[in-house]
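Protein chains get the first letters and strands the later ones, always in sequence-line order, with residue 1 at the start of each.
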Amino acid sequence: MLDIKLIREKPDIVRENIARRHDPEKLELLDRVIETDLKWRELTQRVNELRRRRNVVSSEIGRAMKAGGDASSLRAEAAEIPSKLSELESLMSINQEQLRDGLMRLPNMLHDSVPYGRDDHDNVVVKTWGKKPEFGFIPKGHAELASSLGVADFERGAKAAGSGFYYLRNELALMNHAIQMYAVDFLLKRGYSLIEPPYMIKRSAYEGVTDLADFESVMYKVDGEDLYLIATSEHAMGTMLQDETLLAESLPIKLVGVSPCFRREIGAHGKYTKGLFRVHQFHKVEQFIFSLPEQSWGLHEELQRNCEQLYEGLGLHYRVVNVCTGDIGSIAAKKYDTEVWMADGEFREIGSNSNCTDYQARRLNVKYRLKEGAPPEGFVHTLNNTALASSRTMIAVLEQHQQEDGTISVPKALQPYMGGVKVIDGSLNRLGL
RNA sequence: GCCGGGGUCGCUUAGCCUGGUAGAGCGCCAGCCUGGAAAGCUGGUGUCCGCAAGGACACAAGGGUUCAAAUCCCUUUCCCGGCGCCA
């Protein structure tokens with residue numbers, strides 16, 4: 001959420017920011033917000049005046065009664081106020097709701113270093129690490145590799161839960177855990193605090209961390225309860241400190257969250273959906289930071305280096321793009337996507353690193369104070385970056401470390417977390433399925 | 001799930017029975033005092049509207065009663081204690 005004062009005082013800068021994002025609908029929305037705000041301020045003044053009158057008359061009645069006098073004429077005047085007031089108040093609350101609703105939909109202010117562009121074709125590659133693997137044979141996709149090794153079962157996943165679900169077995173199920181532990185250990189060593197959050201949270205908490213549209217297209221709702229399955233632990237960590245005022249010296253608060261992630265993926269038609277790439281359930285290790293405003297840009301780069309080192313430790317060829325103005329989400333001020341090389345020759349997103357500045361914090365109402373007992377100084381900044389998403393990391397490992405005989409060599413960094421398994425060859429499969 | 005107690009301005013708390021300006025202590029900020037500090041004294045301390053003067057709002061959340069609600073009533077929520085159920 002943007003500061004309404006910024007919109008009042010510098011509407012042109014806000015308008016220009018939205019224009020850079022190529023979102024004409026939001027430009028109209030901005031005009032409506034400005035109009036609604038004007039109306040709201042006018043209503044506020046009228047309501048305040050009426051309330052003041054009520055307070056004055058009421059206290060006069062109180063005084064008259066204490067003195068044993070007659071308050072009937074004052075009472076007559078006072079009796080007329082509530083109906084007028086409630087009429088105005090209901091107008092104001094409708095107006096206020098519209099204002100907040102509009103404000104919630106306006107996107108964050110972009111950082112100057114975000115490249116101008118229309119869509120994902122205009123994202124700028126800022127780094128490439130490693131080289132395209134040389135195979136000497138035609139590499140296979142991960143779904144085919146995993147199925148023929150018997151370590152993933154997509155058919156039975158679909159039978160049990162529908163398309164987008166899967167069973168992992170043996171070595172790949174082990175790797176799923178190994179990836180998470182590898183990332184967690186790495187971040188614990190760098191001073192992050194490990195969080196296992198609630199896997200479902202209520203709507204009012206959720207609205208602080210995400211786009212309202214996500215409720216329709218992304219989140220699973222629990223029937224009959226005010227609960228939504230989290231789409232990432234980012235959401236549960238963001239809301240963890242909702243409505244709190246933090247002590248400046250305790251910042252930055254660096255968290256590493258581990259959780260399953262649940263996503264409906266409505267509207268994913270036509271996108272790449274093979275195997276484990278776009279699924280309804282996966283595990284993710286997530287980095288999340290609450291920081292002082294002046295710390296956030298440095299930390300954004302730190303988060304990026306963390307995930308890069310994790311990929312490098314797995315020997316994965318990747319590149320980083322600076323996501324352009326037309327492709328960046330509404331909450332982020334700047335975003336790096338890390339993309340990993342896949343066997344069909346494409347780079348695809350494996351993680352995403354956002355500095356949300358004070359946009360998310362304002363929604364969540366997370367502030368900071370300079371000293372114990374001092375009044376709040378302002379809103380904190382929030383940042384989030386994938387450490388490792390287990391599903392997509394498994395894809396990368398399977399496809400980049402496949403061997404000619406269809407087996408997979410396990411990266412050294414994962415072996416200790418997999419009971420020493422060096423090669424995935426299906427030999428743990430005792431089921432015959 | 002049932003019964004009981006509770007949630008007050010950063011912290012501790014008064015006020016609730018019996019409706020009538022949300023008060024105190026601590027913390028924090030500023031000023032005075034001081035060679036400097038501490039102590040002491042004075043004012044301030046959250047959100048919103050307003051150029052300002054000033055005003056409105058805020059007692060877990062939302063409703064209701066009333067001229068007027070922290071206070072009375074209802075619903076929800078969280079915490080504590082007891083009972084029940086249970087991995």
Side-chain angles (χ1 to χ4, degrees), chain A residues 1-11 33-104 196-208 222 224-228 236 239-251 253 290 292 358 361-380:
Chain A
M1 189 160 71
L2 292 180
D3 188 353
I4 186 69
K5 284 182 188 146
L6 178 70
I7 295 170
R8 279 177 203 157
E9 287 161 18
K10 296 173 181 166
V33 165
I34 291 171
E35 211 173 290
T36 310
D37 176 51
L38 219 60
K39 178 91 183 157
W40 176 76
R41 282 144 81 193
E42 185 206 314
L43 281 168
T44 299
Q45 285 186 37
R46 290 170 61 192
V47 165
N48 281 356
E49 175 52 31
L50 211 49
R51 282 176 179 166
R52 190 191 65 79
R53 185 71 203 143
R54 178 193 61 188
N55 292 346
V56 167
V57 175
S58 283
S59 67
E60 275 172 15
I61 291 172
R63 236 176 295 137
M65 286 175 62
K66 227 170 231 171
D70 175 31
S72 55
S73 66
L74 283 167
R75 275 174 182 275
E77 183 186 352
E80 288 176 14
I81 295 178
S83 63
K84 288 185 201 165
L85 188 57
S86 72
E87 195 182 318
L88 270 181
E89 279 175 335
S90 67
L91 274 178
M92 187 174 81
S93 77
I94 291 169
N95 195 261
Q96 191 167 17
E97 216 168 286
Q98 286 171 349
L99 181 60
R100 184 172 169 82
D101 189 69
L103 220 43
M104 290 282 268
E196 186 168 315
Y199 296 161
M200 46 193 109
I201 55 184
K202 53 190 176 186
R203 176 149 189 152
S204 61
Y206 226 128
E207 283 178 352
V222 178
E225 304 273 347
D226 177 27
L227 287 172
Y228 293 79
T239 203
M240 184 169 81
L241 300 183
Q242 184 159 21
D243 295 320
E244 295 193 30
T245 302
L246 310 166
L247 207 51
E249 67 187 33
S250 70
L251 298 168
I253 293 172
F290 295 90
L292 292 172
D358 63 357
R362 186 171 286 108
R363 283 185 174 198
L364 287 169
N365 190 30
V366 183
K367 299 177 182 172
Y368 67 99
R369 66 176 91 250
L370 294 177
K371 280 185 191 169
E372 195 82 61
E377 189 69 15
F379 292 99
V380 301

Nucleotide of [options] approaching [X] most closely (side-chain heavy atoms):
X: Trp40(A); options: C57(B), C49(B), G46(B); value: C49(B)
X: Pro375(A); options: G50(B), G55(B), U45(B); value: U45(B)
X: Glu372(A); options: C49(B), C28(B), G10(B); value: G10(B)

[N] versus [M] - spacing of their [atom1] atoms, nearest Å:
N: A24(B); M: C57(B); atom1: C1'; value: 23 Å
N: U71(B); M: A30(B); atom1: P; value: 37 Å
N: C11(B); M: G20(B); atom1: C1'; value: 30 Å
N: G27(B); M: G81(B); atom1: P; value: 32 Å
N: U77(B); M: A61(B); atom1: C1'; value: 7 Å

* Is any side-chain N of the basic residue among Arg46(A) and Glu42(A) closer than 4.0 Å to the acidic one's carboxylate O? -> yes
If pairing requires Watson-Crick or G-U wobble contacts with both distances under 3.5 Å, which nucleotide is the partner of [N]?
N: C11(B); answer: G25(B)
N: G46(B); answer: C57(B)
N: C85(B); answer: none
N: U71(B); answer: none
N: G4(B); answer: C80(B)
N: C41(B); answer: G31(B)

* **side-chain N/O Asn55(A) vs C57(B) OP1/OP2, d < 4.0 Å** => yes
* Structure fact -> Heavy-atom nearest pair, Ser250(A) first then Leu247(A), reads OG-O, 2.6 Å
* To do: Name the nucleic acid region contacted by Arg8(A), choosing base, sugar-phosphate or nothing; use a 4.0 angstrom heavy-atom cut-off, strictly under.
  => sugar-phosphate
* To do: Could you run through nucleotides 58-69 of chain B and give me one letter per nucleotide, 5' to 3': B if any protein heavy atom sits under 4.0 Å from the base, S if only the sugar-phosphate is that close, - if neither?
  => ---------BS-
* Structure fact -> Separation of C28(B) atom P from Glu377(A) atom CD, nearest Å, is 16 Å
